[in-house]
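Only one structure is covered here, and it is reproduced in the block below.
Bear in mind the structure is a predicted one, so any value in this text is a computation, not a measurement. Here is the naming used below: chain letters follow the sequence lines, and residue numbers restart at 1 for every chain.
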Amino acid sequence: MTDTTTTAPQAQKRKLNFHLLGPLFALIALIILGACLNSNFLSYGNVTNVLARSAFIGIIAVGMTFVITSGGIDLSVGSMAAFIAGVMILSMNSLIPIMGVGVPVIIMGMLIAAISGFAAGWLNGFLIAKVRIEAFIVTLGTMGIYRSLVTWLADGGTLSLSFDLRGIYRPVYYDGIFGISWPIIVFAAVAIIGEITMRHTRFGRHCSAIGANQQVAVYSAIKVNRVRIATYALLGVLVGLATIMYVPRLGSASGSTGVLWELEAIAAVIIGGTALKGGTGRVWGTVIGVLILSLIDNILNLASIVSPYLNGTIQGVIVILAVVLQREKKTAD
Amino acid sequence: MTTPVLEIQNVSRSFGPVQVLHEIDFALHAGQVHALIGENGAGKSTTMKILAGYLQPSAGQVLLGGTPVQFASSQAAEDAGVIMIHQEFNLAQQLSVAENIFLGREIKRGLLLDHAAMHDQSRALLERLNCPIDPRAKISEISVPNRQMVEIAKALGRNARVLIMDEPTAVLTSRETDILLEQIDRLREQGTAILYTSHKLDEIAHIADYVTVLRDGHQVFADHAKGLSEDQMAETMVGRELSNLFPPLQTPQDETVLSVENLSVTGWVEDISFTLHKGEVLGIAGLVGSGRTEMMEGVVGLRHATGQVAINNKPLKSNSVLAARQAGMVYLTEDRKEKGLLLQKNLRENLTLLALDQLSGLFINKADEERALDTAIADFDIRAGDREMNAGNLSGGNQQKLLLAKTMLAEPDIVIIDEPTRGIDIGTKQQIYEFINQLAASGKSVIVISSEMSEVIGLSNRVIVMASGRVAGELTGDDINEGTIVRLAMGMTQNKATAA
């Protein structure tokens, strides 16, 4: 090919992209609004509280970003979290006679949570990618299954962690370093690693390629099934991690643990600019989405202008608005 | 002679600066089958689309029953009784046969649908075609030829006076084809005017009353079909000399780089064996549907296949695209929009998708990616207004160059290119031919699958012709000519084909 009129590498013009930065502006606007409405809003106590409570959904939502980016969906994460919490508490309680009360039991519990999360997520992925059942159906099914299993394990009531262990486990939620609590640190670490994985690794690139067009991915020698299963397994592990951070907060699990977490996680991903049909994923956007959702809740509780009972309404409006605002103009054919 | 039902007079058509039809002129009569034949890209589809109201002529006119008409849309043409049946059917898979036949013009009784009436009328229409399908069956449950019958019944239900059939037998087996031809015969007797296209010349000889041949947008032949042999048709279709579009052939080396033995892909190809030499360009010719693409997808592991594939005498792990790519063999798809490129992604991400492992350790090296894009843009002359633009916004030719660049970034030794120049202008074609030639010159081996006869002939050291999922013949040297390839592709034996 002899023609020499090649396209010169153009200077990287970075136009301010409102589609891209919209969620960030929304978050800043919310923070300003919050600060104006209540002087306590920006206090150390409130900020820590909001962030720590965002951590569970946040950790899960980062995993959900990978699943949605590669064209999938997982409705089972809330139930999965409850189930893992139940299994974790039961096994830690039953390990006390063998291992005694101490840190090793907690570590065992954490391992069990991570492994159950991996197994539960892998199962979702296997059914979706290999058995070829639609993701919505599979995870709707496992959502019911995990929810009922934890209710059954708890015999309709509550599973409580042995009181002796609670004292040892408690710091995992309530303590931290440099005044930052552990859930926040873990959430931040997961978010940073997630962002790097999405943008700078083959796995992230393969996820978005599969979500954009699975056929092209197959023809580009990508192991599509393996990648898809991996996204669900990764999400499962992160649900396990979120549960590890969550159990010390209340020290119990029941049939109502983690209810609607899946919807909050999916909403956060969508608000953050990840396309529900897959193909583009933004982990940083998801983090902003999580923060927007918790700030709305927080502001409604602090300021008494609108009833906190309308929290769901406002969140719903935000999700719908986010999608409308981020809808890209159709490319000219 | 009676007034034709539908007539096309001196019709020309241009797309932008490219004129694809030059003064086409023929007439369709009631109770006659008119065959329109020509090579791919000769202008058959455009002609049919103009007749059926999908396109407007740039010059000339269409006459309906002797009076000039301008169909504003395919809907307007259908209302006038001119109905086109597409190769990909326009049927709703999950609806019943009767619901499809009456789609858009349902019979109602009051506010509700009159299912009984629609079933009865559907049954009557299908009986007219001598086709006993249950009107309640879902489309997804019935066979492909029966779907064709439903399309025809649907057209008859709309009082079709002219039926335009775009390669109706391309997807049918020979037995199914016979049934269809019988039905067409019946329609002819009932007075329908039929425009029929097919690449299978035996069908044309069997069914057509009148034949019009198009070549490069020109009408080169129009006469009664009586007495016209298949050979004469083939000659009229292809009778074009090859220009200097193609660079001189390279001489391949003796070393065998790829050997395929007894390869079968269920439902497509059976018992295929061939070899490929270093520095060779091997052409694969054959009709659409003869299993060319499916065979190659089986060879590279994209389709489940049985048989042995060996690269440099080492057996290749079967059914793994990744294994094939690691062994140095890549396949470049014919379907660049659906299987080749991520249209919503930028050039860089498209370029490196196949070769990403070469550009990344734990992390992807973006600087290397950018450098690869610079090189690709220069080497393949990809003309993109903006490096950050999406692949979907490139022109077809530039998309094809990007796809080539993507494939070559994986540094393959064996490149299988399916339809290298489909839908591409002549200038870019020449660039791609030059590029394929250079590949062979540098010791790579290339397989070119193409429906364009001239391309296979101009590029290949050796040609394999496929017919109905089998190798119909293998040609070298002077035997590589259009006549022989057409005869083999139409199912003649090699001895007969080369002797003729």
Chain A contact via Leu342(B) - which portion, at a heavy-atom distance below 4.5 Å: both
Using non-hydrogen atoms only, which part of Thr407(B) is less than 4.5 Å away from chain A: side chain, backbone, both, or neither? neither
Non-hydrogen atoms of chain A under 4.5 Å away: do they reach the side chain of Leu373(B), the backbone, both or neither? neither
Is chain A contacted by the side chain of Asn365(B), its backbone, both, or neither, given a heavy-atom distance below 4.5 Å? neither
Smallest separation among heavy atoms of Ser360(B) and Arg202(A), with atom names: OG-NE, 3.2 Å
When only pairs under 4.5 Å are counted, which of Thr197(A), Asn213(A), Val216(A) shares the most heavy-atom pairs with chain B? Val216(A)
Contact part of Lys345(B) toward chain A, heavy-atom cut-off under 4.5 Å: side chain, backbone, both or neither? side chain
What are the two closest non-hydrogen atoms of Arg205(A) and Leu353(B), and how far apart are they? CG-CD1, 4.4 Å
Minimum heavy-atom distance Val218(A)-Val321(B), with the two atoms named: O-CG2, 4.1 Å
Tell me whether Glu134(A) at atom CD has more than 12 heavy atoms from other residues, nucleotides or ligands lying less than 6.0 Å away. no
So Thr333(B) and Gln215(A), side chain to side chain contact (heavy atoms under 4.5 Å, CB included) or not? Walk me through it. CA-CA 11 Å; Thr333(B) 173; Gln215(A) 286 261 43; over 6 Å; no
Chain A contacts, top residue of Lys366(B), Gln344(B), Gln326(B), Arg325(B) (heavy-atom pairs, under 4.5 Å): Lys366(B)
Using non-hydrogen atoms and a 4.5 Å limit, figure out which bit of Glu297(B) sits close to chain A: side chain, backbone, both or neither. side chain
One option among Gly279(A), Ala217(A), Ala221(A) has the most heavy-atom pairs under 4.5 Å with chain B, and it is Ala221(A)
Does any part of the side chain of Tyr219(A), heavy atoms only, come nearer than 4.5 Å to the side chain of Glu338(B), both counted from C-beta? no
Counting heavy-atom pairs closer than 4.5 Å to chain A, which one of Lys406(B), Glu349(B), Gln438(B) comes out on top? Glu349(B)
